[in-house]
Amino acid sequence: MTPERIRLGISACLLGEPVRFDGGHKRDPFLVESLGPLVDWVPVCPEVESGLDAPRESMRLVQADGRIRLLTNKTAQDHTTRMHGYARRRVEELANGELCGFVLKKDSPTCGLERVKVYGTAGMPVKSGRGLFADALVRRFPLLPVEEEGRLNDPRLRENFVERIFAYRRLTALFAARWSMGDVVRFHTAHKLTLMAHRPEAYQRLGRLVASGKSVARRAFQDHYSTDFMTALATIATPRRQANVLQHMLGYFKQTLDRESRAELLALIEDYAGGRVPLVVPLTLFIHHIRRCGVPYLADQVYLRPHPVELMLRNHV
Ligand code: SF4
């Protein structure tokens with residue numbers, strides 16, 4: 001059974017829990033106030049859950065003897081083994097949690113996803129590391145949408161992440177049931193415009209996979225389709241590709257919409273491509289005409305509503 005609401009893992013300090021090394025938190029207003037009402041959070045603080053106190057001595061990643069270690073800053077206590085053991089156990093527990101994504105605290109030697117400082121024996125730190133828990137998480141769930149809260153301040157990355165968590169839920173729901181190739185064809189068809197906005201070639205490639213699906217072992221097919229689908233969506237949908245999708249949609253109105261209305265849609269597509277209006281503007285008019293004229297193929301496209309409208313994510317891309 002797929003839960004009604006999206007379940008997302010999160011570094012607990014981002015929700016305002018006082019679990020940081022200094023006893024404070026890093027409450028993130030977008031996550032708590034905007035996304036929060038639409039999802040169920042699964043808060044995780046690896047440092048506290050692995051037995052450390054809050055407050056505690058701060059830590060950092062240190063490269064020594066060819067290994068990355070998690071050491072406290074002043075007294076050099078080594079928490080590497082403790083954290084590796086905890087992370088291995090915790091990600092296995094999370095495997096049963098039906099998570100659709102995870103938001104991690106940036107820069108943390110435990111939770112940071114990328115560009116975490118790694119100190120050597122001398123000199124300046126290099127921003128090349130990944131927190132130990134974050135590393136265990138992405139290795140265990142390679143397709144799970146995972147982002148840092150800092151990157152979610154970028155409207156395009158934010159929209160992409162939220163789109164992916166909802167897509168991941170639909171994908172896992174598809175393959176959780178006893179699926180048929182007909183179910184996959186319907187899923188793939190409904191995501192045509194979505195895939196085209198991200199990676200048009202992936203839509204074609206996955207289409208060929210679906211067409212040959214009956215000759216492929218079910219598990220191999222599922223893995224292949226899921227990996228290619230989620231990888232495609234991780235590519236940011238550029239304005240040029242979005243405009244191509246809108247042009248493609250316009251083609252469906254040749255018979256049903258008068259010349260003036262089509263010209264109005266075209267002008268809005270050009271305004272969007274030129275950066276004068278956000279994506280929500282042409283899309284809103286498209287949705288109006290789809291409803292009015294009845295274009296079932298377009299009406300069934302996930303692209304029209306990939307995530308809850310109340311987040312207003314397409315007002316900023
Ligand atoms: Fe805990 Fe991770 Fe936040 Fe550090 S960054 S306080 S380990 S949740």
Side-chain angles (χ1 to χ4, degrees), residues 1-17 19 25-28 30-50 83-106 108 110-114 130-152 157-177 179 187 191 194 219 222-223 225-234 302 306-308 311 313:
M1 288 285 291
T2 306
E4 273 292 292
R5 283 159 60 86
I6 290 268
R7 284 167 62 79
L8 291 184
I10 187 168
S11 297
C13 55
L14 296 174
L15 291 180
E17 295 185 16
V19 287
H25 60 76
K26 282 284 179 182
R27 184 180 185 277
D28 185 281
F30 166 72
L31 295 172
V32 175
E33 291 156 27
S34 301
L35 195 53
L38 302 170
V39 304
D40 286 335
W41 295 116
V42 179
V44 177
C45 177
E47 291 179 18
V48 167
E49 289 183 15
S50 66
M83 186 54 70
H84 278 315
Y86 159 82
R88 251 193 324 271
R89 288 192 304 278
R90 190 68 171 104
V91 295
E92 283 313 316
E93 283 170 21
L94 291 171
N96 303 322
E98 296 178 314
L99 297 185
C100 294
F102 211 110
V103 185
L104 290 164
K105 171 74 188 71
K106 74 182 174 87
S108 156
T110 308
C111 289
L113 184 61
E114 55 188 34
R130 169 172 283 167
L132 298 194
F133 174 74
D135 192 55
L137 182 76
V138 297
R139 283 177 193 275
R140 178 64 180 81
F141 307 109
L143 301 185
L144 187 74
V146 180
E147 262 299 1
E148 294 182 329
E149 95 291 358
R151 281 167 52 90
L152 295 179
L157 297 180
R158 176 183 290 193
E159 201 262 347
N160 178 265
F161 176 67
V162 177
E163 183 178 20
R164 281 188 292 137
I165 63 179
F166 281 89
Y168 186 81
R169 178 166 73 166
R170 289 190 298 275
L171 182 72
T172 49
L174 167 71
F175 288 125
W179 54 274
F187 179 94
H191 288 85
T194 300
R219 186 68 223 186
Q222 177 180 334
D223 289 348
Y225 190 91
S226 301
T227 302
D228 259 20
F229 180 80
M230 290 309 299
T231 304
L233 263 56
V302 171
H307 35 58
L311 288 172
L313 297 171

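FYI, the numbering just counts along the sequence from 1.
Remark: Arg164 CZ to Leu233 CG distance equals 8.0 Å, nearest 0.5 Å. To the nearest 0.5 Å, the span separating CZ on Phe187 from CG on Leu171 amounts to 4.5 Å. For the atom pair CD1 of Ile165 and CD of Glu147, the computed distance is 11.0 Å after rounding to the nearest 0.5 Å. A distance of 12.5 Å separates CD of Glu114 from CG of Asp135, quoted to the nearest 0.5 Å. For the atom pair Cys100 SG and Arg170 CZ, the distance stands at 10.5 Å (nearest 0.5 Å). Atoms CD and CG, from Glu159 and Leu157 in turn, are 10.5 Å apart once rounded to the nearest 0.5 Å.
Using cut-offs of 30° and 60° on the angle between ring planes, the pair Phe175 and Trp179 is perpendicular. Using the six-membered ring where Trp is involved, Tyr86 and Phe133 have ring planes that are tilted, between 30° and 60° apart.
Here the closest heavy-atom approach between residue Leu15 and residue Pro43 is recorded as CD1-CB, 3.9 Å. The heavy-atom pair separating Leu144 from Leu99 by the smallest distance is CD1-O, 3.6 Å. Closest approach of Pro145 and Met230 over heavy atoms only: CG-CE, 3.9 Å. The two residues Phe166 and Pro308 come nearest to each other via the heavy atoms CZ-CD, 3.4 Å. In terms of heavy-atom proximity, Cys111 sits nearest to Leu104 at O-CB, 3.3 Å. Taking all atoms of both residues into account, the shortest heavy-atom contact from Arg158 to Leu152 is NE-O, 2.7 Å.
Proximity of Leu313 to Leu311: side-chain heavy atoms (C-beta onward) are separated by under 4.5 Å at one or more points. With a 4.5 Å cut-off on side-chain heavy atoms, Trp41 and Leu31 count as touching. Between Val19 and Glu47, the closest side-chain pair of non-hydrogen atoms is not below 4.5 Å. Within the 4.5 Å cutoff, side-chain heavy atoms of Glu163 are placed close to those of Thr194. Side-chain contact between Glu17 and Cys45 is absent, with no heavy-atom pair separated by less than 4.5 Å. Under the 4.5 Å side-chain criterion, counting only non-hydrogen atoms from C-beta, Ile10 is not in contact with Asp28.
Remark: side-chain polar atoms of Arg7 are paired, donor with acceptor, to backbone N or O of Gly97 under 3.5 angstrom. Arg130 places a side-chain N or O within donor-acceptor distance of the main-chain N or O of Leu113, the cut-off being under 3.5 Å. Within the 3.5 Å criterion, the main-chain N or O of Glu98 finds no donor-acceptor partner in the side chain of Arg169. Judged by distance alone, with hydrogens and angles left aside, the side-chain atoms of Ser108 form a donor-acceptor pair with the main-chain N or O of Thr110 at under 3.5 Å.
Checked for salt-bridge contact, Lys106 and Glu149 miss the test: no charged N lies under 4.0 Å from a carboxylate O. Using a cutoff of 4.0 Å between basic side-chain nitrogens and carboxylate oxygens, Glu93 and Arg90 are scored as salt-bridged.
Judged as a side-chain contact (heavy atoms from CB on, under 4.5 Å), and not counting sequence neighbours, the contacts of Arg27 are His25, Val32, Glu33.
With Phe161 as the aromatic partner, Arg151 does not meet the cation-pi criteria of under 6.0 angstrom to the ring centre and within 45 degrees of the ring axis.
Not less than 6.0 angstrom separates the ring centroid of Phe102 from the ring centroid of Phe141.
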Exercise. Before giving the answer on side chain to side chain contact (heavy atoms under 4.5 Å, CB included), spell out for Leu35 and Leu8 the whole-Å C-alpha distance, their side-chain angles and the decisive distance to 0.1 Å.
Key: CA-CA 10 Å; Leu35 195 53; Leu8 291 184; 4.0 Å; yes

